[in-house]
Q: 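Before we start, here is the structure in question, set down as structure tokens.
Computed over heavy atoms, backbone and side chain alike; hydrogens, waters and symmetry mates excluded. Numbered from 1 within each chain, the chains take letters A, B, ... in sequence-line order.
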Amino acid sequence: MPELPEVETVRRVLSEVLPERTISGVRLRKPKMLKGQASATFIKGLRGRRIRNVGRRAKFLIIRLDRSALLVHLGMSGQIFFESPDSPLPMERVRPDRHTHLILDLDPAARLFFRDPRMFGRFALIDQEEENALFRRLGPEPLGRKFTSRSLGEALRGRRAPLKALLLDQRIAAGMGNIYVDESLHRAGIDPRIPGGELSERMVRRVHAAIRSVLREAVHKGGSSLSDFLDPRHRKGTFQLTLQVYGREGKPCPRCGAPIRKSVVGQRGTHWCPECQPKKRSG
DNA sequence: CTCGGCCTGCTC
DNA sequence: GAGCAGGCCGAG
């Protein structure tokens, strides 16, 4: 499940190999993966274009061409693989399978494969204006300068929804998903069910610091490869080895040994330690 | 704000 | 052979 650290990992690999290559061929095998765009428009807009750079905003990957950009959201199970004579992939990946929805042939010789078994991901060819409009609707990058404990406190003020749900809201901070919210709240020592507006200033500071340190660490470790995440060179991340609560229901909390709890909070499976993450306000 | 729908693969 | 997982969006 690619969240900010996984998408950033993909971006870093692609930004080493894609710039200055030209898209010589486009094979779109699942037009359904396009977001509000006809296949012909999409293919025409890509073919012959030169890749300038690869960016990221929240969980969006943005492959910038001369005037437009290929926007990619990896959804739940999206993968991007890169293959070139210098950087071959393992044999079984070279041949596209039924989950490979888009293939880009590049020049100098290389190929990009977009796979997504669950098909929650999306592609779109967008112009600068559309990019601006999309990104304007997102909250600050949690690792950027605009995300401060003050801005977080303001965003949470008066909110009655559980903190867990608010941190998944991309308008409050953009890029976290279920894994990293649960991990951040464990690091902060705060119960995910507490209404956002009930956090003390001190608790807001702890959540803010925890989010940043968890995400930074996860980026450093190449993301979490829980079930299917692989980077464009087919390498796994290692942050899954560091997870304290996510996917660990009933297992002992690494910090205190109490069994990790799981229930649904804000319509999402939520994991926390009942001892380390007390609900009380001063916490 | 809350809920269902989109999808497939994996677990019960 | 059903149900769950999950990000995001549109409907209620």
Q: When you get a sec, tell me which of C:dG7, C:dG6, B:dC7 is the closest nucleotide to the side chain of A:Tyr246?
A: C:dG6

Q: How would you list, by chain and number, every residue that makes a ring-ring contact (aromatic ring centres under 6.0 Å, His included) with A:His271, sequence neighbours excluded?
A: A:Tyr246

Q: What ring-ring contact (aromatic ring centres under 6.0 Å, His included) pairs are there with at least one residue in residues 14-37 of chain A, not counting sequence neighbours?
A: none

Q: What contact category does A:Gly269 fall into here, base, sugar-phosphate, or nothing, at under 4.0 angstrom with non-hydrogen atoms?
A: sugar-phosphate

Q: Would you mind reading off the distance between A:Lys164 atom NZ and C:dG6 atom C1', rounded to a whole angstrom?
A: 11 Å

Q: For A:Phe120 and B:dG4, give me the distance from atom CZ to atom C1', rounded to whole Å.
A: 11 Å

Q: Listing request: all ring-ring contact (aromatic ring centres under 6.0 Å, His included) pairs with a residue in residues 205-232 of chain A, at least two apart in sequence or in separate chains.
A: A:Phe147-A:His208

Q: Measure the distance from CZ on A:Arg160 to P on B:dT2 and round it to the nearest whole Å.
A: 10 Å

Q: Which side chain to side chain donor-acceptor pair (under 3.5 Å) pairs, counting each pair once, include a residue from residues 61-70 of chain A, with sequence neighbours left out?
A: A:Arg52-A:Asp66, A:Asn53-A:Arg64, A:Arg64-A:Glu131

Q: Side-chain donor-acceptor pair under 3.5 Å between A:Asp116 and A:Ser77, yes or no?
A: yes

Q: Under the rule for side-chain contact (heavy atoms from CB on, under 4.5 Å), what residues qualify as partners of A:Met119, not counting sequence neighbours?
A: A:Lys30, A:Met33, A:His101

Q: Can you see if the side chain of A:Gln267 gets near the phosphate of B:dC3 - specifically, an N or O under 4.0 Å from OP1 or OP2?
A: yes

Q: Identify, with sequence neighbours excluded, every residue that meets side-chain contact (heavy atoms from CB on, under 4.5 Å) alongside A:Lys32.
A: none

Q: Just how far, in rounded Å, is C1' of B:dT2 from CG of A:Asp169?
A: 13 Å

Q: Quick one: is B:dT8 close enough that its OP1 or OP2 comes under 4.0 Å of any side-chain N or O from A:Lys30?
A: no

Q: Checking side-chain polar atoms at under 3.5 Å, does A:Arg49 have a donor or acceptor matched by the opposite partner on A:Thr22?
A: no

Q: Do A:Ser213 and A:Arg187 meet the criterion of a side-chain donor-acceptor pair at a distance under 3.5 Å?
A: yes

Q: Side-chain donor-acceptor contacts of residues 152-167 of chain A below 3.5 Å, not counting sequence neighbours, with atom names and distances?
A:
from	atom 1	to	atom 2	distance (Å)
A:Lys164	NZ	A:Asn178	OD1	2.6
A:Lys164	NZ	A:Asp182	OD1	2.6
A:Lys164	NZ	A:Gly269	O	3.3
A:Lys164	NZ	A:Thr270	OG1	2.9

Q: Which atom pairs, donor and acceptor, lie under 3.5 Å between side-chain atoms of residues 250-262 of chain A and protein residues at least two apart or in another chain?
A:
from	atom 1	to	atom 2	distance (Å)
A:Arg255	NH2	A:His186	O	3.0

Q: For nucleotides 8-12 of chain C, which of its nitrogen or oxygen atoms have a protein nitrogen or oxygen under 3.5 Å away, and what is each distance?
A:
from	atom 1	to	atom 2	distance (Å)
C:dC8	OP1	A:His73	NE2	2.5
C:dC8	OP2	A:Lys59	NZ	3.3

Q: To the nearest angstrom, how far is A:Met76 atom CE from C:dA5 atom P?
A: 11 Å

Q: Rounded to whole angstrom units, what separation is found between the CD atom of A:Glu3 and the P atom of C:dG6?
A: 10 Å

Q: In whole Å, what is the span from the CG atom of A:Asp97 to the C1' atom of B:dT8?
A: 13 Å

Q: Could you give the angle between the helix axes at the two ends of the helix from B:dC1-C:dG12 to B:dC12-C:dG1, with five pairs per end, rounded to 10 degrees?
A: 50°

Q: Tabulate protein N/O versus nucleotide N/O from nucleotides 9-12 of chain B, keeping only pairs under 3.5 Å, one per line.
A:
from	atom 1	to	atom 2	distance (Å)
B:dG9	OP1	A:Arg98	NH2	2.8
B:dG9	OP1	A:His99	NE2	2.6
B:dG9	OP2	A:Arg98	NH2	3.0

Q: In whole angstrom, what separates A:Asp116's CG from B:dC7's P?
A: 11 Å

Q: Which residues satisfy the ring-ring contact (aromatic ring centres under 6.0 Å, His included) test with A:Phe60, sequence neighbours excluded?
A: A:His73

